[in-house]
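Below, read A as the first sequence line, B as the second, and so on, with proteins coming before strands; counting in each chain starts at 1. What's counted below: heavy atoms across the whole structure, side chains too, no hydrogens, waters or symmetry copies.
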2 protein chains.
Amino acid sequence: MSLPHAILTALLEKPSSGLELTRRFDRSIGYFWSATHQQIYRELGKLEEARLIRALPSSQPARGRRKEYEVLPAGRSELAGWVGRTEDPKPIRDALLLRMRAAAVVGTEGLDAELRRHLDLHRRQLAEYEDIEKRHFPPERDAAEDRLRHVVLRGGIELERFWIGWLTEALGELERLPPAPR
Amino acid sequence: MSLPHAILTALLEKPSSGLELTRRFDRSIGYFWSATHQQIYRELGKLEEARLIRALPSSQPARGRRKEYEVLPAGRSELAGWVGRTEDPKPIRDALLLRMRAAAVVGTEGLDAELRRHLDLHRRQLAEYEDIEKRHFPPERDAAEDRLRHVVLRGGIELERFWIGWLTEALGELERLPPAPR
DNA sequence: CCTTGCATGTAACGCGTTACATGATTCA
DNA sequence: TGAATCATGTAACGCGTTACATGCAAGG
């Protein structure tokens, strides 16, 4: 439901080719909505057919030839409409929480190592976000669009902090458990 | 990747029919891994074929006739192995964060109402979790498996608190913005 | 030339979602 | 007996994922 809107947003921020988009989805936008290059090409095709974007005339179509896209007015309207649309939050779907629950039934073997690994990954991600915050949102700057983007980034930061806190708590609980549960 | 494991966990906690599972996925397990009855029936079929579960002999197969399943030893092993398996955390995929980012480009119209709606939904969910915590995990109880399940629930609680905090912050930011951005 | 990297694409599969269909059971 | 409910199932579609295929361009 949201990939086309992610692409429209990215293209409005800066007209790009498919591969450029893919790279940007590995960084900024992709921190909150990831996508592979196959998904992106497929979706670009649909968006073009729906006349929400168009290929820049400079780039004539040919396989292997770079193709730049820009958003058409209809695409901008669609995105503006989506921003305020009613859409329920998706229920949580997290494999780690589920594994923890499974561990309560079949035992915790190997789980502690996996939790530690995740803890480390989330710490790295947090460090990366904090680094971006320092570089892109220094206290003195204060433009309006920047403030919205900053709130988004802070969301990512607080989510990572949540995971770090929860994983630490869970590891503590695991250690306090009898050695061979069940 | 995880639905079969969610089902195995649920069936180990209590052998059930497809519809019973569906109901339980609307409550406990489903708080962390939701599934519709179609997914569940499809998956039950696969698990049975793979000999990880079996239908209880009492319930002879017939459309419309209740069919109870239980986990076979192979199913329990599979689940125990999965608990400690290496599996990277999925990157965040959240439409609200994305919409916020889109709003920075095309304007925030309608977004504040939607954020308030989500804030309300998350407050309700938090209240429900806290209620479950009071009923299922009173301070005096302290069994080992219970502690793991309690950690899972606390994860859900802290996640809801994260959303409530972030949405509050985001709403504050929206109000502080010029009335007709961009 | 030929390899390497860039860039766009195809194909196939599985899970998640929505809509609908069918068979049993209960009770008015 | 017929409506409501319980229970299991089919069909179709779209997104996400993985593997692979094809075309162009630059440097050795």
Side-chain angles (χ1 to χ4, degrees), chain A residues 1-8 10-11 15-26 29-30 32-50 53-56 58-69 82 87-95 98, chain B residues 1-8 10-11 15-26 29-30 32-50 53-56 58-69 82 87-95 98:
Chain A
M1 277 291 243
S2 299
L3 178 57
H5 302 107
I7 291 180
L8 287 172
L11 284 182
S16 307
S17 69
L19 198 64
E20 268 174 8
L21 279 178
T22 303
R23 291 203 218 290
R24 289 170 59 202
F25 269 79
D26 284 339
I29 290 260
F32 311 107
W33 201 274
S34 66
T36 63
H37 84 271
Q38 291 84 347
Q39 279 177 276
I40 288 170
Y41 283 118
R42 181 161 55 183
E43 203 61 39
L44 282 173
K46 284 189 202 169
L47 287 170
E48 190 178 17
E49 201 185 5
I53 65 174
R54 64 162 190 165
L56 290 184
S58 66
S59 41
Q60 63 277 54
R63 190 170 184 143
R65 295 273 311 153
R66 190 189 155 73
K67 216 165 132 190
E68 282 233 315
Y69 292 95
W82 178 70
E87 201 169 286
D88 282 345
K90 296 252 170 294
I92 309 168
R93 218 138 209 283
D94 185 84
L98 191 58
Chain B
M1 278 292 243
S2 298
L3 178 57
H5 302 107
I7 291 179
L8 288 173
L11 284 181
S16 306
S17 69
L19 196 64
E20 269 174 7
L21 278 178
T22 303
R23 291 203 217 290
R24 290 170 58 201
F25 269 79
D26 285 338
I29 289 259
F32 312 107
W33 202 274
S34 65
T36 63
H37 84 272
Q38 290 84 348
Q39 280 177 275
I40 288 170
Y41 283 118
R42 180 162 56 186
E43 202 61 41
L44 282 173
K46 284 188 202 170
L47 287 169
E48 190 178 18
E49 200 185 6
I53 64 173
R54 63 161 190 168
L56 290 184
S58 65
S59 41
Q60 63 276 50
R63 193 174 182 138
R65 296 271 311 152
R66 188 189 156 74
K67 215 165 134 191
E68 282 232 318
Y69 292 95
W82 179 69
E87 200 169 286
D88 282 343
K90 296 252 169 288
I92 310 167
R93 218 135 209 283
D94 184 83
L98 191 58

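Taking all atoms of both residues into account, the shortest heavy-atom contact from Ala35(B) to Phe25(B) is CB-CD2, 3.9 Å.
Regarding Lys90(B), its NZ atom lies at a distance of 19 Å from the P atom of dC15(D), rounded to whole Å. If you measure from atom CG of Asp88(A) to atom P of dT18(C), you get 11 Å, rounded to the nearest angstrom. Nucleotide dG23(C) holds its P atom 18 Å from the CG atom of Leu19(B), rounded to whole Å. Remark: C1' of dT8(D) and CG of Leu21(B) are 13 Å apart, rounded to the nearest angstrom. dT5(D) atom C1' lies 15 Å from atom CZ of Arg66(B), rounded to whole Å. Here dC13(D) presents its P atom at 21 Å from CG of Leu3(A), a figure rounded to the nearest Å. Atom-to-atom, NE2 of His5(B) to C1' of dC15(C) comes out at 14 Å; the value is rounded to the nearest Å. Rounded to an integer number of Å, the gap from Leu44(A) CG to dA7(C) P is 14 Å.
For dG9(D), the OP1/OP2 oxygens have no side-chain nitrogen or oxygen of Tyr41(B) closer than 4.0 Å. Between Gln38(B) and dG9(D) there is no side-chain N or O to OP1 or OP2 distance below 4.0 Å. Residue Gln39(B) places at least one side-chain N or O closer than 4.0 Å to OP1 or OP2 of dG16(C). For the pair Lys67(A) and dG9(C), the criterion of a side-chain N or O lying under 4.0 Å from OP1 or OP2 is met. Residue Arg23(B) places at least one side-chain N or O closer than 4.0 Å to OP1 or OP2 of dA7(D).
Of the candidates Phe32(A), Trp82(A), Trp33(A), His5(A) forms a ring-ring contact (aromatic ring centres under 6.0 Å, His included) with just one, namely Trp82(A).
Between His37(A) and His37(B), it is His37(B) whose nearest contact on DNA chain D lies nearer the 5' terminus. Between Arg42(B) and Arg93(B), it is Arg42(B) whose nearest contact on DNA chain D lies nearer the 5' terminus.
Here Ser17(A) lies in heavy-atom contact (under 4.0 Å) with sugar-phosphate atoms only. Nucleic acid contact class of Lys46(A) (heavy atoms, under 4.0 Å, all strands): sugar-phosphate only. No engagement by Glu43(A) is indicated, since no non-hydrogen atom pair under 4.0 Å with the nucleic acid exists.
The existence of a salt bridge linking Arg66(B) and Glu68(B) is confirmed by a sub-4.0 Å separation between a basic side-chain nitrogen and an acidic carboxylate oxygen.
Relative to the side chain of Trp33(B), the nucleotides dA7(C), dG16(C), dT17(C) differ in distance, and dG16(C) lies closest.
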Check: Between Leu56(A) and Tyr69(A), is a side chain to side chain contact (heavy atoms under 4.5 Å, CB included) present by the stated rule, with each step listed?
Finding: CA-CA 6 Å; Leu56(A) 290 184; Tyr69(A) 292 95; over 6 Å; no
Next item on the list: Decide yes or no on side chain to side chain contact (heavy atoms under 4.5 Å, CB included) for Leu19(B) and Arg23(B), but give the supporting numbers first.
Entry: CA-CA 6 Å; Leu19(B) 196 64; Arg23(B) 291 203 217 290; 3.2 Å; yes
